[in-house]
Amino acid sequence: MSLKSRSMTKQNTVLGWDVGGAHLKAALVKADGQALHVVQVACPLWRGINELHSAIDVVLTQLQPVPGRHAVTMTGELADIFPDRNSGVRQIVDAMTRHLQCAPLFYAGASGLVSAADTSQHLAGIASANWLASADFVAAQVEHGLFIDIGSTTADFVLLSDGRPKNRGFTDAERMQYEELVYTGVVRTPLMSLASRIPFAGEWQPLAAEYFATTADVYRLTGDLNEADDMAETADGAGKTLQDSARRLARMIGRDLNDAPTSAWIELAQSFKQLQLNRLQDAALRCYSRGLIDRQAPLIGAGAGSFLIRALAKQLDRDYRDVSALIAGNTHDARHWAAMCLPAYAVACHAARAAA
């Protein structure tokens with residue numbers, strides 16, 4: 001690539017960042033909204049802020065030349081290395097600002113994008129606002145629907161009506177109260193959080209209240225989990241083979257792997273999947289009960305757990321629309337990964353529009 005074309009690439013692109021507590025996601029987007037390149041790297045922020053510094057370096061080495069404009073959204077301020085959310089926002093702002101060549105902008109919800117210098121006035125708006133960046137992007141294209149984004153740890157529910165998000169809550173506490181933020185995801189969620197008992201071998205089997213297994217074990221066995229999304233460590237620090245996953249599931253019900261055939265552990269995984277679907281259905285039905293959309297309005301799915309949203313739509317007899325169909329991109333791969341990392345893509349589009 002010539003120096004001139006490199007310069008044009010830097011000027012005509014925006015890099016959107018979504019700083020999570022377990023992953024760092026980045027989406028390189030053209031000024032017209034086309035997704036060019038999306039990167040997701042593991043970032044176990046609970047181990048220390050150096051994890052974020054390292055993850056930023058990994059992303060930047062994959063995206064050369066580094067674009068001249070950056071927009072950042074986050075949920076990583078919730079990591080328990082920080083004494084409170086405001087401290088987390090400040091430290092993440094500092095880390096991103098120090099690493100990036102040009103001063104990044106930070107997404108502050110209803111206040112839009114703000115400079116690093118102004119973040120101290122918008123700490124509450126910046127904290128865990130990535131869901132709103134995504135919802136605004138989807139609402140601009142889908143007038144009525146229920147938007148759901150399921151990631152490794154949580155599920156976001158946002159009702160869309162008249163082309164606008166109609167969320168009841170804004171803070172994490174409010175959104176959890178209204179079940180617009182549900183702590184259940186497809187990788188890191190402990191299975192003991194899904195239920196207190198599960199059917200096995202014709203009986204109701206109590207579940208161990210121990211961190212023996214996670215939903216990643218379930219979705220490896222069902223074949224639903226994309227290997228590229230399977231970045232978190234396992235509950236016991238061991239492998240991610242089907243046998244390893246089945247062994248951890250067996251432990252959840254006080255058994256060993258050789259106590260039943262492989263088919264029994266796969267069936268148990270399907271039962272755990274149904275338990276999680278039931279939890280998601282409860283939240284969806286609560287949203288629908290507000291009476292703001294009719295049965296023709298689709299479910300719009302995003303994130304690593306979009307396969308669950310597709311199954312939920314079938315369970316609720318609703319149309320399903322994958323958010324990748326709303327994303328501009330030259331390749332299927334770029335659109336797919338932009339949908340998996342939607343907040344990063346959405347905040348980049350927001351910055352591109354603001355600069356136009």
Side-chain donor or acceptor of Thr222 paired with backbone N/O of Gln270 under 3.5 Å: no

Spacing of Ile253 atom CD1 and Leu191 atom CG [to the nearest 0.5 Å]: 11.0 Å

Test item: Leu52 and His99 side chains (from C-beta on) under 4.5 Å apart, heavy atoms: no

Val93 reachable from Phe82 in the ILVMFWY side-chain graph, under 4.5 Å edges: yes

Donor-acceptor contact present, side-chain Lys166 to main-chain Leu292, <3.5 Å: no

Residue of the set Val347, Thr73, Val59 for which side-chain contact (heavy atoms from CB on, under 4.5 Å) holds with Trp17: Val59

Cluster check Tyr107, Phe137: I/L/V/M/F/W/Y, side chain < 4.5 angstrom: yes

Ring centers of Phe200, Trp265 separated by less than 6.0 Å: yes

Residue pair Leu342 / Ile327, side-chain heavy-atom distance below 4.5 Å: yes

Lys/Arg-Asp/Glu bridge criterion (N-O < 4.0 Å) met for Arg220, Asp244: no

Smallest separation among heavy atoms of Ala269 and Val218, with atom names: O-CG1, 3.3 Å

Exam field: side chain Arg175 to backbone Asp156, donor-acceptor pair closer than 3.5 Å: no

Distance-only side-chain donor-acceptor flag, Asp84 / Ser87, under 3.5 Å: yes

Any donor-acceptor N or O pair under 3.5 Å, side chains Asp322, Ser324: yes

Steps toward side chain to side chain contact (heavy atoms under 4.5 Å, CB included) verdict (His53, Arg98): CA-CA 9 Å; His53 292 292; Arg98 282 197 286 148; 3.4 Å; yes

Linked, directly or transitively: Ile56 and Val19 (ILVMFWY side chains, under 4.5 Å): yes

Heavy-atom closest contact (Ile198 atom, Ser271 atom, distance): CD1-CB, 3.8 Å

Under-4.0 Å salt bridge between Glu179 and Arg279: yes

Asp162 side chain vs Arg164 backbone, donor-acceptor pair below 3.5 Å: no

Sidechain-backbone polar pair: Arg197 side chain, Trp204 backbone, donor-acceptor under 3.5 Å: no

Between Glu174 and Asn167, a side-chain donor and acceptor under 3.5 Å: no

In one Ile/Leu/Val/Met/Phe/Trp/Tyr side-chain cluster, 4.5 Å: Leu285, Leu312: yes

Worked check of side chain to side chain contact (heavy atoms under 4.5 Å, CB included) between Phe307 and Asn226: CA-CA 10 Å; Phe307 63 88; Asn226 189 317; over 6 Å; no

Test item: Ser115 side-chain N/O and Leu105 main-chain N/O as donor-acceptor pair under 3.5 Å: no

Candidate pair Val58 and Leu24, rule side chain to side chain contact (heavy atoms under 4.5 Å, CB included), full reasoning: CA-CA 10 Å; Val58 171; Leu24 177 64; over 6 Å; no

Beyond-backbone contact of Ile81 with Gln91, side-chain heavy atoms, under 4.5 angstrom: no

Contact check, side chains of Arg255 and Gln205, non-hydrogen atoms, under 4.5 Å: yes

Met340 with Ile309, same ILVMFWY side-chain cluster at under 4.5 Å: no

Smallest separation among heavy atoms of Ala351 and Leu113, with atom names: CA-CD1, 3.5 Å

Test item: side-chain donor near acceptor, Ser128 and Glu77, under 3.5 Å: yes

Pair Arg321-Leu326, side chain to side chain contact (heavy atoms under 4.5 Å, CB included): steps then yes or no: CA-CA 9 Å; Arg321 189 171 183 185; Leu326 309 178; 3.3 Å; yes

Short side-chain to backbone donor-acceptor contact, Asp256 and Asn258, under 3.5 Å: no

Within 6.0 angstrom of Gln243 CD, more than 12 heavy atoms from elsewhere: no

Side-chain donor or acceptor of Ser245 paired with backbone N/O of Leu242 under 3.5 Å: no

Donor-acceptor contact present, side-chain His336 to main-chain His332, <3.5 Å: no

Side chain to side chain, Thr153 and Tyr183, heavy atoms closer than 4.5 Å: yes

Charged tip of Arg318 within 45° of Tyr288 ring normal and under 6.0 Å: yes

Nearest-0.5 Å distance that lies between atom NE2 in His23 and atom CZ in Arg188: 8.0 Å

Closest contact, heavy atoms only, Pro199 versus Leu268: O-CD1, 4.1 Å

Separation of Tyr219 OH from Lys273 NZ (nearest 0.5 Å): 6.5 Å

Separation of Leu277 CG from Asp282 CG (nearest 0.5 Å): 11.0 Å

Check: Asp32/Gln34 side-chain N/O donor and acceptor closer than 3.5 Å: yes

Heavy-atom check, side chain of Tyr345 versus side chain of Val29, under 4.5 Å: yes

Side-chain heavy-atom pair Asp229, Ser152 within 4.5 angstrom cut-off: no

Leu257 to Ala250 - nearest heavy-atom pair and separation: N-CB, 4.0 Å

Side chain Thr97, main chain Asp94, donor-acceptor under 3.5 Å: no

Student check: side-chain heavy atoms of Phe157 and Arg286 closer than 4.5 Å: no

Straight-line distance of Thr119 OG1 to Ile92 CD1, nearest 0.5 Å: 11.5 Å

Rounded distance [0.5 Å steps], NE2 in His37 versus CG in Leu15: 10.0 Å

For Val41 against Gln62, the heavy-atom pair lying closest together: CG1-NE2, 4.2 Å

